[in-house]
Amino acid sequence: MSSDLIEKTDASFDALATKQLSGVQRLLEAGLLFFTVFAMFMMLALFSFDPADPGWAQTGYQTEVRNLGGAVGAYLSDLFLNLFGLIAYSLPFVIAIVGWLLFQRFHELMKLDYLTLGLKLIGFFMFYLGITSLASMNFDDVFYFSAGGILGNALSETLLPYFSFVGSTLVFLLFTCAGFVLLTGFSWLKFIDAVGQYAIIAALWLATVPKMIKENFGTNDIQDNNPQHSEDKPGKIKTALGEVKSRLVDTKDTNLKEATTENFEAEQAIVEQDAPVPMRSNKHDSNKLSPDELPSGIFAKTATMPVPDFFNAEAEQGIGEHNGKVNTKNEPFIDIADLMSEPTHGNVQDHVNDSEIKAAFTDVEKLNVADDRTSPKAATKSLSPIKHNINDDNGQVNLVPAEDSDITSMPSIDLLDRPDKAKNPINQEELDQVSRLVEAKLLDFGVIAQVVSVYPGPVITRFELDLAPGIKVNKITSLSKDLARALSAISVRVVEVIPGKSVIGLELPNKHREIVYLSEVLDCPAFAESTSPLAMVLGSDIAGEPVVVDLGKMPHLLVAGTTGSGKSVGVNTMIVSLLYKSTPEDVRMIMIDPKMLELSVYEGIPHLLAEVVTDMKDAANALRWCVGEMERRYKVMSAVGVRNLKGYNKKILAAIEAGEPLIDPTWQPSDSMDQTPPLLEKLPSIVVIVDEFADMMMIVGKKVEELIARIAQKARAAGIHLILATQRPSVDVITGLIKANIPTRMAFQVSSGLNSRTILDQQGAEQLLGMGDMLYLPPGTGVPTRVHGAFVDDHEVHAVVKDWKSRGEPNYIEEILSGEHDQDILLPGEQAEAAEGEDIDALYDEAVNFVTEKRRVSISSVQRQFRIGYNRSARIVEQMEMQGVVSTPGNNGAREVLAPPPVRDF
Ligand SMILES: Nc1ncnc2c1ncn2[C@@H]1O[C@H](COP(=O)(O)OP(=O)(O)OP(=O)(O)O)[C@@H](O)[C@H]1O
């Protein structure tokens with residue numbers, strides 16, 4: 001053995017030695033081993049059963065026991081075969097599974113509530129009673145035992161006189177199937193649906209086989225003369241199958257939704273409420289479309305989208321984005337959804353033949369090329385949510401819809417974990433006891449107070465206290481640590497003001513903390529009924545009620561907390577709830593993730609406007625793009641005469657519905673190659689999420705702060721919203737400028753009252769319990785609300801992301817990261833990219849010395865000092881500003897000198 005290998009082996013032995021199991025782990029592992037070995041023993045005993053051995057029901061007539069399990073094996077196998085007959089052979093597996101559940105998955109078992117556990121047990125017994133009785137009635141005896149054992153025999157013999165053979169078989173089948181459902185949660189309905197679906201698909205495919213054979217092996221001339229045939233081949237089969245599949249999926253969904261109760265109703269409410277009303281301009285009514293109109297241009301309809309594969313990726317910009325069927329190029333529509341729903345299932349070729357589609361496709365490509373040549377400014381107007389999938393190489397337009405080619409409905413809530421838990425048992429006696437204890441401890445500190453009400457919640461319990469006259473609330477706040485110690489609690493939070501009440505609150509952590517699952521809070525009427533596309537669920541309040549907020553009203557949010565406090569989970573919860581509320585047509589996102597960990601999971605969802613940004617230079621570009629987009633939206637909105645995005649979208653959609661879409665009033669002929677101005681479309685809200693913006697500020701510098709401030713000041717009306725998260729709640733990150741512009745804050749646990757003040761302007765966050773416990777300060781109030789953040793696990797996020805990804809690709813706007821912006825976006829004093837490369841003025845260093853020494857700066861003073869022209873002096877001062885030597889001009893136009901005075905050599 002080489003010395004290397006020996007070292008490695010030693011190291012792994014060392015690791016093993018140090019990783020000894022704790023007491024409970026030892027018990028669990030020993031228990032698992034016991035059950036496993038017992039299961040193996042039972043299997044040996046059962047399979048080596050010999051009727052001549054002595055057993056439970058008989059004495060043996062041979063002296064030597066042949067059973068591999070010896071006398072005990074013989075006895076036990078005899079007992080089980082007697083009791084259960086044939087079914088006894090399944091017992092070793094049951095024993096092994098029970099052992100595994102008890103000793104490996106005990107925590108999961110504990111999560112189950114009593115009802116579920118009870119149902120599982122009942123299911124188990126029903127299943128066994130069912131199969132033993134069926135075996136007893138239908139199978140031959142094994143050895144001298146009935147196939148269903150004593151158990152099966154007794155049951156079947158009881159029922160047979162009353163139900164006859166067929167009736168009893170049915171009853172026992174019912175026992176078996178229902179027991180299986182109760183035990184495993186397996187859905188027979190879904191199973192039957194799936195079997196039916198595949199049977200129909202198989203039958204349809206079989207029906208096309210003779211045709212395929214004929215076409216592939218028949219004579220070619222017939223085909224050549226009839227162009228219809230060429231398109232009838234695999235494409236048509238695919239189309240038909242795809243059509244059938246999508247229809248089956250649709251019906252299955254509806255059936256399931258009808259069959260299930262409240263959860264699905266809530267989910268449907270979300271879907272119905274948010275699904276944009278399909279717009280149908282009179283001009284473009286596909287039902288009235290004559291075949292002659294078709295070839296000049298075809299637009300896939302993203303609003304109903306059963307056919308995502310219709311167009312090639314290149315056709316997306318300026319073409320595919322016609323949500324609500326806005327046809328910006330004045331081209332006629334084919335409503336693919338309508339064509340698909342024609343009785344001639346899936347044969348779009350009946351309406352549009354291949355050559356027509358190809359011609360249309362070429363048109364689309366031509367338009368696209370023109371689009372590509374348009375200026376970036378024009379391109380920014382395309383916020384098309386979806387990239388349409390590609391047609392195949394041979395030019396055959398692929399009409400097979402992706403399984404869930406639908407961006408208008410929301411993902412199913414089933415993708416999220418369902419809490420399967422018992423509520424905290426709340427014992428009134430215990431609460432009374434703690435109330436008395438609180439009063440007594442306060443008295444120890446000289447505070448006379450009486451507990452007037454108690455509100456137990458999932459994580460904490462709030463005790464409301466009536467203070468004796470003359471006692472200041474500050475005193476209790478300063479006692480919070482002593483109280484926590486005296487009450488043996490991790491922490492105690494004092495709520496100084498409870499709006500509308502004259503009492504104060506004392507929040508004590510519960511003995512058993514409940515986890516708030518996202519699915520519980522997402523599935524609430526407040527969220528489903530919210531009309532805002534930016535509604536988000538944060539978690540539950542102290543009483544366990546869901547907390548739903550509207551990012552649109554915030555309009556920006558600052559999230560801060562130490563590492564491990566649940567910030568990232570909180571941000572994920574917000575993103576996932578947006579993904580459960582809004583389609584890409586309503587909300588688009590830009591995600592900035594300097595840590596390269598947290599947000600990259602969302603890569604590829606159709607809501608994204610750009611790839612998840614991990615490079616900080618790109619991040620600054622993305623913010624600049626937002627500023628540009630904000631300015632552009634302002635211009636368009638003021639030209640249209642509306643005050644905010646909501647009004648704008650309303651007006652645009654009304655105009656489209658009336659068949660008179662508005663044209664872009666800000667369009668200049670020099671903006672693009674187009675001869676006619678583009679039509680205005682519905683604009684989505686844009687949410688910019690920055691995970692760890694401290695990193696961004698450190699790498700990119702002050703510019704980021706200014707960009708954020710600029711967006712924060714103005715972007716509400718333009719529908720651009722920021723969510724900024726940081727784990728460094730210090731004043732150099734959460735600066736005055738940022739705080740002044742972001743009124744809504746969310747503080748997770750922090751290490752000191754100072755940090756809490758930095759975030760919320762008040763103490764309190766240092767007393768939070770971590771793991772998603774937060775204080776949420778809504779806009780325009782000074783009283784934070786305590787919220788227990790909902791927990792969303794990585795696999796749930798993956799499932800929702802996967803669901804959205806399966807419905808459409810994102811349509812990234814390259815310009816966001818590339819940094820090609822126009823002058824609108826430059827910050828005060830900033831110069832365009834080209835100017836940045838210019839040489840620094842020869843007098844620059846001297847001028848810096850001059851201003852840092854004098855501690856004053858003005859263009860005229862530099863001009864006088866160096867006897868230079870005004871323009872040159874202005875340029876030097878601007879360069880100083882870009883380098884951070886001096887500040888931007890304040891209200892009165894004066895700038896501050898930021899750099900320290902020059903160091904002098906002595
Ligand atoms: N709402 C919640 N309910 C229960 N547990 C939670 C909740 N939020 C977070 N946790 C637990 O806390 C852990 C840390 O959470 P999270 O990763 O979000 O912290 P963080 O503040 O983002 O930390 P970092 O800044 O280091 O990424 C999670 O792994 C999870 O176990």
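Small disclaimer: the values here were computed from a predicted structure and weren't measured.
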Just wondering, are more than 12 heavy atoms of other shown residues or ligands nearer than 6.0 Å to CD1 in Ile448? no
Lys739 atom NZ: more than 12 heavy-atom contacts under 6.0 Å: yes
Which residue, Ile742, Leu722, Val549, Leu534, forms the side-chain contact (heavy atoms from CB on, under 4.5 Å) with Met554? Val549
Distance-only polar pair, side chains of Gln767 and Ser480, donor-acceptor under 3.5 Å: yes
Aromatic rings His721 and His556: how do their planes relate, parallel, tilted or perpendicular, breaks at 30° and 60°? tilted
Once you round to the nearest 0.5 Å, how far does CD1 of Ile734 lie from CD1 of Ile759? 5.0 Å
Distance-only, no hydrogens or angles: does the Ser519 side chain make a donor-acceptor pair with backbone N or O of Leu416 under 3.5 Å? no
Sidechain-backbone polar pair: Trp804 side chain, His607 backbone, donor-acceptor under 3.5 Å: no
So CD of Glu603 and CG of Asp593: to nearest 0.5 Å the spacing works out to 10.0 Å
So does Val452 get a backbone contact from the side chain of Gln450, meaning a donor-acceptor N/O pair under 3.5 Å? no
Taking NZ in Lys595 as the centre, count heavy atoms belonging to other residues, nucleotides or ligands within less than 6.0 Å. Is the count above 12? yes
Applying salt bridge (charged side-chain N to carboxylate O under 4.0 Å, His left out), name anything that partners Lys475, two or more places apart in sequence or on another chain. none
In a table with atom names and distances, give each donor-acceptor pair under 3.5 Å that connects a side chain of residues 570-578 to protein atoms at least two apart or in another chain.
unit_1 : atom_1 : unit_2 : atom_2 : d
Asn572 : OD1    : Tyr602 : OH     : 2.7
Asn572 : ND2    : Ser568 : O      : 3.4
Thr573 : OG1    : Val569 : O      : 2.8
Thr573 : OG1    : Ala790 : O      : 3.1
Ser577 : OG     : Val537 : N      : 3.2
Ser577 : OG     : Thr573 : O      : 2.9
Ser577 : OG     : Met574 : O      : 3.1

Take atom CD of Glu496 as the centre, draw a 6.0 Å sphere, and report whether it contains more than 12 heavy atoms from other residues, nucleotides or ligands. yes
From Glu766 CD over to Leu775 CG, what is the distance, rounded to the nearest 0.5 angstrom? 9.0 Å
Salt bridge or not between Lys581 and Asp586? Use side-chain N to carboxylate O under 4.0 Å. no
Do any N or O atoms from the side chain of Thr781 and from the backbone of Leu777 form a donor-acceptor pair under 3.5 angstrom? no
Straight-line distance of Met410 CE to Leu415 CG, nearest 0.5 Å: 12.5 Å
Verify the neighbour count for atom NZ of Lys441: are there more than 12 heavy atoms of other residues, nucleotides or ligands below 6.0 Å? no
Salt-bridged, Asp541 to Arg462, with N to O below 4.0 Å? no
